[in-house]
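These notes are about the structure you will find just below.
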Amino acid sequence: MELNNFERFTSNRRYIIQIYSICRRKSRYNDPNCRTIMLVAHIYEELIKVKMENKLMGLYKLAVKSDNLTSGILKRVIVGNIDYERDFEYWLENSPNVLFEEDDGDTLIWVGRQVRASIGDTGKYPDLIGIDSSGDLVIVELKKGKTPREVVAQALEYAAWASSLTYDELNNISCEYFKSRSSFENCDLLQAFKDVFHPDGEDDIQIEFNRNQKIFIIAEEVTPIIRQVTSHLRTKYQMKIFCIEYKVYKI
């Protein structure tokens, strides 16, 4: 067997076992390809054993017809092929709290979607921008499938643009966005901030908007190189840049 066919054969357990048997019958233990196949076959069999010994149930949704949980039926949930990046952007826009840990109880205020960002002599459009409870600007870049190599550079460009925004500029962006959001109709950024994060009516709130920028890269699959680069930026340069993977399930 040629080495360039090795990966194709090892991707199929049946072929591995067949070739393993051929190698044994012909006693071709000195052939390096046969030795490799035999080793892979042994490892594969051991992995199958481990998988079966530690097998977990899949993901299920409990469907109940009444308040009695004992009447529930488990319906299997499967991963769906997502072809609706724009739809997911809407879902994220409607659920700003999902960017944070569930126990934090934190959220943010979206203040713009696909806002034109003047970067150099070009115009680019970050997917979503928002303000968190600290007044920091949150930038979200959403990708379908795997994260491309250039996504970090793209996010840093957005952060460079956003870092120079004054309160008045942010307020103008926010007011334009709020026109399409009934919850903040006829409301400026400071008032929206108070309504969300200080609903008790404190009038002497002192907040400095856009002191820092936080970047979220969200994709179905965050590649190892993107994880490594963003981790380096966080640890070496204290940049607030984070990666989140998402999967869409369906029943």
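Residue indices begin at 1 and follow the sequence shown. Everything numeric here is computed off the predicted structure, so don't read it as measured data.
- Take Glu169 and apply the salt bridge (charged side-chain N to carboxylate O under 4.0 Å, His left out) test, not counting sequence neighbours, and it matches no residue.
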For this session: Begin from the C-alpha positions of Glu141 and Ile218 and carry the test side-chain contact (heavy atoms from CB on, under 4.5 Å) through to its verdict.
Result: CA-CA 6 Å; Glu141 184 60 21; Ile218 303 178; over 6 Å; no

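- Ser95 is listed as a side-chain neighbour of Asn97, based on a closest heavy-atom distance under 4.5 Å.
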Using the rule given for side-chain contact (heavy atoms from CB on, under 4.5 Å), can you reason through Trp110 versus Leu108, listing the C-alpha separation, both sets of side-chain angles and the distance that settles it, and then say yes or no? CA-CA 6 Å; Trp110 295 124; Leu108 54 80; 3.6 Å; yes

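- By the salt bridge (charged side-chain N to carboxylate O under 4.0 Å, His left out) test, Glu93 pairs with Arg113, Arg181, sequence neighbours left out.
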As a quick check of understanding, evaluate side-chain contact (heavy atoms from CB on, under 4.5 Å) for Leu233 and Val152, giving each step before the final call. CA-CA 10 Å; Leu233 292 174; Val152 174; 3.9 Å; yes

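- One N or O on the side chain of Arg234 and one on the backbone of Ile241 form a donor-acceptor pair closer than 3.5 Å.
- Considering only residues two or more places apart in sequence or on other chains, Arg211 meets the salt bridge (charged side-chain N to carboxylate O under 4.0 Å, His left out) condition with none of them.
- A single hydrophobic cluster is seen to contain both Val196 and Leu92, as judged by linkage of ILVMFWY side chains at heavy-atom distances under 4.5 Å, directly or through other members.
- Follow the hydrophobic side-chain contacts under 4.5 Å out from Ile217 and you never reach Phe242; the two are in separate clusters.
- A distance of 14.0 Å separates OH in Tyr177 from CG in Leu170, rounded to the nearest 0.5 Å.
- Between the side chain of Glu220 and the backbone N or O of Tyr246 there is no donor-acceptor pair closer than 3.5 Å.
- For the pair Ser231 (side chain) and Arg227 (backbone), a donor-acceptor distance under 3.5 Å is absent.
- Hydrophobic clustering (ILVMFWY, side-chain heavy atoms < 4.5 Å, transitive): Val229 and Phe216 are in distinct clusters.
- Taking NZ of Lys146 as the reference point, atom CD1 of Ile225 lies at 12.5 Å (rounded to 0.5 Å).
- To the nearest 0.5 Å, the span separating CD on Gln213 from CG on Leu156 amounts to 11.0 Å.
- Across every non-hydrogen atom of Ile139 and Ala159, the tightest pair is CD1-CA, 3.7 Å.
- Side-chain N/O atoms of Asp127 and Gln114 include a donor and acceptor closer than 3.5 Å.
- Few gaps surround CZ on Arg116; more than 12 heavy atoms of other groups in view lie less than 6.0 Å from it.
- The minimum heavy-atom distance linking Leu189 with Asn171 is given by the pair N-OD1, 2.9 Å.
- Pairs of residues two or more places apart, or lying in two chains, that qualify as ring-ring contact (aromatic ring centres under 6.0 Å, His included) and include a residue from residues 152-175 are Tyr167-Phe209.
- Atom CD1 of Ile215 is separated from atom CD1 of Ile129 by 13.0 Å, given to the nearest 0.5 angstrom.
- Panel note: side chain Thr147, backbone Thr223; a donor-acceptor pair is recorded below 3.5 Å.
- Side chain of Asp136 to main chain of Ile131: no donor-acceptor pair is present (N/O by atom type, distance under 3.5 Å, no hydrogens or angles).
- Counting all heavy atoms, side chain and backbone alike, Ile109 lies closest to Phe197 at CD1-CE1, 3.6 Å.
- Not one N or O on the side chain of Asp132 forms a donor-acceptor pair closer than 3.5 Å with the backbone of Leu137.
- To the nearest 0.5 Å, the span separating SG on Cys243 from CD1 on Ile226 amounts to 7.0 Å.
- Inspection of the Glu176 and Asn172 side chains reveals no N or O donor paired with an N or O acceptor under 3.5 Å.
- In this structure, the separation between CG on Asn210 and OG on Ser134 is 12.5 Å, given to the nearest 0.5 Å.
- Cluster membership for Val98 and Val222, using ILVMFWY side-chain heavy atoms within less than 4.5 angstrom, is not shared.
- In terms of heavy atoms, Val115 sits closest to Pro126 at O-CD, 3.1 Å.
- Residues Lys143 and Pro148 approach most closely at CG-CD, 4.1 Å, considering heavy atoms.
- A salt bridge (charged side-chain N to carboxylate O under 4.0 Å, His left out) check over residues 151-167, counting only residues at least two apart or in different chains, returns the pairs Lys124-Glu157.
- Applying the ring-ring contact (aromatic ring centres under 6.0 Å, His included) test to pairs two or more places apart or on separate chains, those with a residue in residues 217-236 are His232-Tyr237.
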